[in-house]
Amino acid sequence: MTLDVLKFLARLAPVFVFLAAFALYVSTLAPGMLRGDSGEFQWAMASLNVAHATGYPLFTLLGYAWQLLSLSDNIAWQLNLLAPFFAALAVLTIFIFIRSLTARSDAAWVGALFFALAPVMWFNASILEVYSLHAFLLALILYLLWQWTQNPKQNTLLYLAFFVLGLALAHHRLIVLALPAILVWLLLTDYRLFFRPFTILGCALLLVPGLLLYGYVPLRLLPEGFTLDFAFYDIILGREYATSLLREFNPLRVLGEIPFQNFHIGLVLALVGAVTLFQRARNLNIALWLVYVLDVAFALVYSVPDVEVFLTSSFVVTAIWIGAGAAFILEWIVARVGNAGARVGNAGARVGNAGARVGNAGASVPYALVMILISLFGVVHYAEIQTAVAAEAAPESRARAIAAANLPEGAYLELDWETATALRFLQTTQALRPDLEARLLELNQRQEFWRALYNANAGRAVFVERGVSWKRAPAGFGVEPRANDLAQIVRAPIEMQRVRAAVNDRVDLLGYQTTANAFIVYWRVNKALAKDVATFVHYLDANDEKIAQDDHAPCCQAVYGYRTSEWEAGQIYADVFKPAPENTKSFRVGMYENIDGDIEPYGEEINIKPAEQ
């Protein structure tokens, strides 16, 4: 094979890398609608809406533009294609980066393959998720900055890196953890850069286009009745995620299990690269260490079930280190065998120089092939990935069944997140029952709870999930089972045995009702309680001895948490307890609160003797 052919194949190597990775990911790609975050992204992209915090405006807008191309009748599958596309770009960028860094294609293949076949990256490249795009953008920023450091007097690549950084900031907030590394890298490369105000201003201005994409979030949400506070703090800043910090600490999983499951023996090469890269590119390696340490530190204190995806940045760094480690070992082998070949060549007179070159060129090939074969070990996860992807399928059949059901025109549905998202997607892409108002089941929020009751009271058909617990709610409403695991909220007459006894000056016991399925207590609110208290019933025998009890805690015992602090003056509330056990002759009901760990009565306990009513 001639030298020209080898050079031609070397130039085509990035194309092979991209196509191989893309083909692999497409072979395990989810074929349709997905559940969870992926399903929400499908709906948000198709309808140009807003997904969960932090909004992901770049991802959403790219997806919306992508689905406009109408490449397939299966819009869900077409949107899913974004994940393998960006994942393949991430693999490609890592390959080019390692090859530029080490001047070795074999080492670049090793690092890129380990990254491509890491189960976490592979799985997230097979469903519509955000982590493939994050990996690509991070790898691209690092590569552009690396190229700039080779000639820091030319700022074109520096400016381009900051433009991409702005886009990355409009995508996933993990990129924020890379900012200290970028700052330190710039300082180490050319500290005088920070004394050139026009250059700094140019970098800052190039962040703006990406950051402006966040303006899409309030522009989309405000017309739908959401507040600016919600759009900024809840969506863009994602303040709810703060509750997941520092809840638990699991170093074994983050530092051991996840890295080993994804890179196995490649971790040895990564360790070699993490150390020896200081000789080849000291400033770059300091930046890589900072990215790695900050990402891992965040994962250690961020308590979520899928913490592995928050190690995506560290995976990019690990892949680069694997490539650097492979290059170091292969170069060490070339140096050793090459010297031996040179000595043999010198002994053979005119063939001396040729022997040295052959020794240098061929000595590392078997070892490089071994490394590549080891990196291909990740292919054994193929069936595992397929199974995991299949488990991500959305409840499409149920959503279609609800759309096909004979529901009244304009019915109001409070559905679980995945069913609501699937139905919304079908409404957007296939115009199935666009009259139905599918909402996420959020009856723990007072406003959403009252919206459902208001619609039911106004005569609108209101449906909720059949499994919703209806234990403490305004009296006069009930739920009746319907098809497709739904229940309809209906007006129900208040049938009770009246008691009318004061618990305290704020609330009275108005009456009770005994059925085969429940014991219902009716409270009448005279003044707002303004605090969360527990309610209880004791089931008593003929001797007034307690034989059982049922308590409703201060929080979250009603339809996903209708607290007593939300009770309004003048309203009657039905408190639904478990049915009375056999031999129950009377009841004792009341309220209590927890004060510094001590149970204190909240008013008087009231005895109910049915026989006396």
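Everything numeric here is computed off the predicted structure, so don't read it as measured data. Basis for what follows: all heavy atoms, side chains included, without hydrogens, waters or symmetry-related copies.
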(request) Using a strict cut-off of less than 4.0 Å between a Lys/Arg side-chain nitrogen and an Asp/Glu carboxylate oxygen, indicate whether E465 and R439 qualify as a salt bridge. (result)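 Salt bridge between E465 and R439, a charged N being under 4.0 Å from a carboxylate O: no.
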State whether the side chain of [X] and the backbone N or O of [Y] hold a donor-acceptor pair below 3.5 Å, judged by distance alone.
X	Y	answer
Y216	L48	yes
S100	I96	no
W417	L440	no
Q67	Y64	yes
D306	V309	no
R247	S303	yes
N80	S126	no
Q42	G32	yes
Y292	A287	no
D295	V291	no

Evaluate whether atom [atom1] of [X] has more than 12 neighbouring non-hydrogen atoms of other residues, nucleotides or ligands under 6.0 angstrom away.
X	atom1	result
F163	CZ	no
I265	CD1	no
F260	CZ	no

(request) Evaluate the criterion ring pair (Phe, Tyr, Trp, His ring centres under 6.0 Å) for residue pair F114 and H264; output intermediate values, then yes/no. (result) CA-CA 9 Å; F114 267 110; H264 48 93; 5.3 Å; yes
When rounded to the nearest 0.5 angstrom, what distance separates [atom1] in [X] from [atom2] in [Y]?
X	Y	atom1	atom2	value
C203	L158	SG	CG	4.0 Å
L24	I385	CG	CD1	9.0 Å
L160	Y143	CG	OH	11.0 Å
I94	L101	CD1	CG	12.5 Å
L157	Q147	CG	CD	6.5 Å
N283	W146	CG	CH2	9.5 Å

(message) Using ring centroids (six-membered ring only for Trp), state whether H134 and F86 fall under 6.0 Å.
(response) no
(request) Give a yes or no on whether the ring-centroid distance for Y382 and W122 is below 6.0 angstrom. (result)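 Under 6.0 Å, so yes.
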Any side-chain heavy atom of [X] within less than 4.5 Å of one from [Y]?
X	Y	answer
L277	L288	yes
T199	Y159	yes
E129	F41	yes
F16	L92	no
S375	L117	no
L133	F136	yes
I329	Y367	no
L138	L142	yes

Do [X] and [Y] pair up side chain to side chain, a donor and an acceptor below 3.5 Å, judged on atom types alone?
X	Y	answer
S38	E392	no
N262	E308	no
T54	Y214	no

(message) Against H172, only a single residue in V176, I175, L174 fulfils side-chain contact (heavy atoms from CB on, under 4.5 Å); can you say which?
(response)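 Looking at V176, I175, L174, the match for H172 under the side-chain contact (heavy atoms from CB on, under 4.5 Å) is L174.
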(request) Give the intermediate values and the outcome of side-chain contact (heavy atoms from CB on, under 4.5 Å) for residues F18 and V91. (result) CA-CA 7 Å; F18 176 83; V91 175; over 6 Å; no
(request) Using the ring pair (Phe, Tyr, Trp, His ring centres under 6.0 Å) rule, take W321 and W289 through it: C-alpha gap first, then chi angles, then the decisive distance, then the call. (result) CA-CA 10 Å; W321 278 341; W289 268 104; 4.8 Å; yes
(message) Using the rule ring pair (Phe, Tyr, Trp, His ring centres under 6.0 Å), only one of F232, Y233, F226 pairs with F230; which is it?
(response) F226
(request) Please say which of Y302, Y241, F315 ends up in a ring pair (Phe, Tyr, Trp, His ring centres under 6.0 Å) with F310. (result) Y302
(message) Go through it in stages, so that I can follow the logic: the residues are M371 and W109, the test is side-chain contact (heavy atoms from CB on, under 4.5 Å), and I'd like the CA-CA distance, side-chain angles, deciding distance and then a yes or no.
(response) CA-CA 9 Å; M371 289 183 184; W109 273 104; over 6 Å; no
(message) Would E418 and R424 count as a salt bridge (charged side-chain N to carboxylate O under 4.0 Å, His left out) here? Give the steps.
(response) CA-CA 10 Å; E418 293 172 353; R424 287 173 169 182; over 6 Å; no
To check you understand the geometry: which heavy-atom pair defines the closest contact between [X] and [Y], and what is its length?
X	Y	value
V217	G55	CG2-CA, 4.5 Å
A299	L311	CB-CD2, 3.6 Å
A399	T419	CB-O, 4.3 Å
F95	A112	CB-CB, 3.9 Å
S132	A90	O-CB, 4.2 Å
L137	H171	CD1-CB, 4.3 Å

(message) Can you list everything that forms a side-chain hydrogen bond (donor to acceptor under 3.5 Å, both in side chains) with H52? Sequence neighbours excluded, please.
(response) E40
(request) Show your reasoning for whether salt bridge (charged side-chain N to carboxylate O under 4.0 Å, His left out) applies to R99 and D106. (result) CA-CA 8 Å; R99 189 170 71 169; D106 46 13; over 6 Å; no
(request) Could you go through the side-chain contact (heavy atoms from CB on, under 4.5 Å) check for V50 and Y56 one step at a time? (result) CA-CA 8 Å; V50 177; Y56 306 97; over 6 Å; no
(request) Any chance you could lay out the salt bridge (charged side-chain N to carboxylate O under 4.0 Å, His left out) test for R280 and E331, step after step, and finish with the verdict? (result) CA-CA 12 Å; R280 189 190 301 271; E331 288 167 359; 3.0 Å; yes
(request) Go through the steps for L284 and L145 under the test side-chain contact (heavy atoms from CB on, under 4.5 Å), then give the verdict. (result) CA-CA 9 Å; L284 165 64; L145 289 175; over 6 Å; no
(message) Between R35 and D416, is the salt bridge (charged side-chain N to carboxylate O under 4.0 Å, His left out) condition met? List the steps.
(response) CA-CA 11 Å; R35 66 181 185 88; D416 70 80; over 6 Å; no
